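Structure record follows, encoded as structure tokens.
Hydrogens, waters and symmetry mates are skipped; everything else that's a heavy atom, side chains included, is used. Just so we're clear, the structure is a prediction, and the values are computed from it rather than from any experiment.
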2 protein chains.
Amino acid sequence: MERSLLKHFIKSRGLRQSSQRDRVVETFLSQKGHTSAEELLIQVRKKDKRVGLTTVYRTLKLLTESGLAVERKFNRQVSTFEPARIGQHHDHLICLGCGKIMEFENKNIETLQEEVARKHTFFITHHVLELYGTCLDCSKKGAKKPKKK
Amino acid sequence: MERSLLKHFIKSRGLRQSSQRDRVVETFLSQKGHTSAEELLIQVRKKDKRVGLTTVYRTLKLLTESGLAVERKFNRQVSTFEPARIGQHHDHLICLGCGKIMEFENKNIETLQEEVARKHTFFITHHVLELYGTCLDCSKKGAKKPKKK
DNA sequence: CATTATAATGAAAATGATTTTCATTTTCAT
DNA sequence: ATGAAAATGAAAATCATTTTCATTATAATG
């Protein structure tokens with residue numbers, strides 16, 4: 001469990017522990033898929049009513065900085081966060097019809113990206129690759145109302 | 001000149017012409033690189049003081065919908081827009097040190113993207129590929145203050 | 001265990017980019 | 001020339017996120 005990673009991060013920064021933050025972290029790590037601050041707050045409040053949105057934002061920032069969460073924007077205004085699996089990285093297919101998000105990983109693409117960078121004498125720290133379009137279901141049903149989430 | 005494309009778009013939508021919009025379009029199309037609404041307003045106002053920010057936003061939306069502009073978010077809050085060169089598409093290397101943006105085009109990556117989509121029975125309409133990192137200059141100088149723009 | 005410096009909290013206010021509203025002006029088909 | 005509807009811009013609204021600030025909680029130390 002990479003929980004100790006956060007503990008270490010907290011310590012090394014001279015931060016203190018708190019029950020609210022623990023609850024947010026615990027809830028976040030149990031989450032599947034991509035979660036916004038607002039959505040996470042709803043989940044957290046099922047366990048503890050006294051947690052505020054500000055703390056959720058602050059904790060998500062902490063998780064992101066410590067490498068336990070990855071922030072993603074996709075095509076909307078809100079940031080969503082996803083528990084990071086160490087050493088792993090994936091990109092996304094995003095259906096504009098229903099909002100469905102699928103993951104993929106492609107080493108060949110990454111190799112080509114490195115090649116591009118090398119040509120420009122550029123050093124990649126991270127990348128964003130998002131493929132937008134229509135999933136199978138939506139292409140069958142025809143374009144329907146996009147799902148809000 | 002693809003100006004006629006917009007004229008056609010305006011007409012087909014039952015819109016009317018206006019000097020403000022013409023000025024915004026003209027200024028935008030003469031722009032190199034990526035321009036935000038705010039930046040574009042400054043340029044436009046050099047020619048015509050009476051243009052408002054709202055009109056710039058509205059015109060940029062129109063340009064984007066008609067395919068004459070491409071909107072990009074990169075890693076910041078503000079949207080920037082870039083004149084679209086028809087039939088062409090490119091992706092970007094973004095230096096986190098100085099903010100420099102370089103373009104690249106790589107057909108092999110696009111082919112692999114299509115392959116990924118096929119495997120998921122997904123139909124790509126567009127994609128976002130951004131490589132973040134450090135450019136040559138910045139890697140020599142060491143990490144300096146990031147350029148705001 | 002008591003003290004105390006300071007981190008954490010959450011409500012409310014601030015922010016910043018963008019959009020909406022609305023009263024007024026302009027355009028253009030007739 | 002006329003009138004219906006589009007365009008405008010200032011101001012207000014929106015919306016996600018951040019900051020402020022008074023209060024509370026934590027933990028290192030005496």
Side-chain angles (χ1 to χ4, degrees), chain A residues 6-28 34-45 47-66 69-81 148-149, chain B residues 6-28 34-45 47-66 69-81 148-149:
Chain A
L6 186 66
K7 288 248 192 298
H8 187 268
F9 185 80
I10 299 275
K11 200 123 209 185
S12 73
R13 281 218 182 177
L15 306 182
R16 293 171 186 176
Q17 78 103 258
S18 88
S19 60
Q20 284 93 326
R21 186 154 61 201
D22 287 351
R23 179 117 279 161
V24 174
V25 170
E26 169 192 42
T27 308
F28 173 72
H34 307 83
T35 316
S36 69
E38 205 83 47
E39 288 163 354
L40 184 54
L41 180 67
I42 290 167
Q43 297 307 314
V44 169
R45 286 221 166 132
K47 295 272 184 177
D48 188 341
K49 293 286 180 205
R50 295 163 309 166
V51 179
L53 183 56
T54 313
T55 296
V56 172
Y57 272 110
R58 284 192 277 235
T59 305
L60 283 171
K61 178 177 260 182
L62 220 52
L63 286 164
T64 304
E65 288 169 355
S66 69
V70 181
E71 181 177 359
R72 314 224 183 246
K73 272 277 181 55
F74 298 126
N75 56 338
R76 297 180 303 126
Q77 299 300 332
V78 279
S79 281
T80 57
F81 299 81
K148 256 298 151 62
K149 137 117 209 191
Chain B
L6 186 66
K7 288 250 193 297
H8 187 268
F9 185 80
I10 299 275
K11 202 122 206 189
S12 74
R13 282 219 183 176
L15 306 180
R16 293 168 186 178
Q17 78 106 256
S18 87
S19 59
Q20 284 93 326
R21 186 154 61 201
D22 286 353
R23 179 119 278 160
V24 174
V25 170
E26 169 190 45
T27 308
F28 173 72
H34 307 83
T35 317
S36 70
E38 206 82 48
E39 289 164 353
L40 184 54
L41 180 68
I42 290 168
Q43 296 307 315
V44 170
R45 285 223 166 130
K47 294 273 184 174
D48 189 340
K49 293 286 180 205
R50 296 162 309 164
V51 179
L53 183 56
T54 313
T55 295
V56 171
Y57 271 109
R58 284 193 276 236
T59 305
L60 283 171
K61 177 177 260 183
L62 220 52
L63 285 163
T64 304
E65 287 170 355
S66 70
V70 181
E71 181 176 0
R72 314 225 183 246
K73 270 278 180 58
F74 298 125
N75 54 339
R76 297 179 304 124
Q77 299 300 332
V78 280
S79 281
T80 57
F81 298 81
K148 257 298 151 63
K149 142 112 207 191

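- The interatomic distance linking A/Asn75 (CG) with C/dT18 (C1') rounds to 16 Å, in whole Å.
- Base pairing of C/dT4: its partner is D/dA27, meeting the Watson-Crick or G-U wobble criterion (both donor-acceptor distances under 3.5 Å).
- Distance from the side chain of A/Ser79 is smallest for D/dT17 among the nucleotides D/dT17, D/dT8, C/dA17.
- Atoms CD (A/Glu39) and P (D/dT17) sit 11 Å apart, rounded to a whole Å.
- A heavy-atom distance below 4.0 Å to DNA chain C is reached by these residues of residues 48-64 of chain B, ordered by number: B/Thr54, B/Tyr57, B/Arg58.
- For the residue pair A/Ser66 and A/Leu6, the shortest heavy atom distance occurs at OG-CD1, 3.7 Å.
- The two atoms that bring A/Ser18 and A/Arg21 nearest to each other are OG-N, 3.1 Å, heavy atoms only.
- B/Arg21 places its CZ atom 11 Å from the P atom of D/dG9, with the value rounded to the nearest Å.
- Pairs passing the salt bridge (charged side-chain N to carboxylate O under 4.0 Å, His left out) check and including a residue from residues 47-58 of chain B, sequence neighbours excluded, read B/Asp48-B/Arg50.
- Proximity of a side-chain donor or acceptor of A/Glu65 to a complementary backbone N or O of A/Leu62 within less than 3.5 Å is not detected.
- Between C/dA17 and A/Gln77, no contact under 4.0 Å exists linking OP1 or OP2 to a side-chain N or O.
- In this structure, B/Arg76 places its CZ atom 18 Å from C1' of D/dA16, rounding to the nearest Å.
- Residue B/Ser19 is out of contact with every strand shown, counting any heavy-atom pair closer than 4.0 Å.
- A straight line from NZ of B/Lys7 to P of C/dC28 spans 10 Å, rounded to a whole angstrom.
- For the OP1/OP2 pair of C/dA7 and a distance below 4.0 Å, the side-chain nitrogens and oxygens of A/Ser18 include no atom meeting the criterion.
- Taking the side chain as every heavy atom from C-beta outward, B/Thr35 and B/Thr80 never approach each other to under 4.5 Å.
- What separates CZ of A/Arg45 from P of C/dA11 is a distance of 7 Å, to the nearest Å.
- Between D/dA7, C/dT27, D/dA16, one nucleotide has an atom nearer to the side chain of B/Gln17 than all others, and that is C/dT27.
- Nucleotide D/dA12 forms a pair with C/dT19, judged by Watson-Crick or G-U wobble geometry with both contacts under 3.5 Å.
- Under 3.5 Å, the side chains of A/Glu71 and A/Ser79 contain a donor-acceptor pair of N or O atoms.
- Following rounding to the nearest Å, B/Asp22 (CG) and C/dT26 (P) show an atom-to-atom distance of 15 Å.
- A side-chain donor-acceptor contact under 3.5 Å links A/Arg45 to the backbone of A/Val51.
- Here C/dT19 presents its P atom at 13 Å from CD of B/Glu38, a figure rounded to the nearest Å.
- Using a 4.0 Å cut-off, some side-chain N or O of A/Gln20 falls inside it from OP1 or OP2 of C/dG10.
- Counting distance only, with no hydrogens placed and no angle test, the side-chain atoms of A/Arg16 and the base atoms of C/dT6 include a donor-acceptor pair under 3.5 Å.
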